[in-house]
S.K.: 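Input: one structure, supplied below.
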Amino acid sequence: MTAITVRIPDSMDKPLRDAAAGAASLNEYIVKAVRRQMTLDAAGRLATLERLDLDGEGDAL
């Protein structure tokens with residue numbers, strides 16, 4: 001595991017904490033958001049490499 005430091009601008013503090021209200025912690029919310037974005041970024045890069053037939057897979061990118 002790698003530790004990182006995230007600097008959150010004051011203007012984003014309250015909205016971010018409000019969005020994370022349902023999570024166990026602000027850290028958990030941020031980690032989930034980063035993982036989700038990494039997955040979407042990887043899928044986008046993969047989709048540009050070769051046309052994929054995803055019919056019937058159940059997920060849309």
S.K.: Report, one line per pair, each donor and acceptor closer than 3.5 Å where one atom sits in a side chain of residues 1-9; sequence neighbours left out.
M.R.:
none

S.K.: Hey, what do you get for OG1 (T39) to CZ (R36), rounding to the nearest 0.5 Å?
M.R.: 9.0 Å
S.K.: Quick one: do V34 and L40 end up in the same hydrophobic cluster if we chain Ile, Leu, Val, Met, Phe, Trp and Tyr together by side-chain heavy atoms under 4.5 Å apart?
M.R.: no
S.K.: At what distance, to the nearest 0.5 angstrom, does CG of D13 lie from CG of D18?
M.R.: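 One finds 9.0 Å between CG of D13 and CG of D18.
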S.K.: Would you check if the side chain of E28 reaches a backbone N or O of A24 as a donor-acceptor pair within less than 3.5 Å?
M.R.: yes
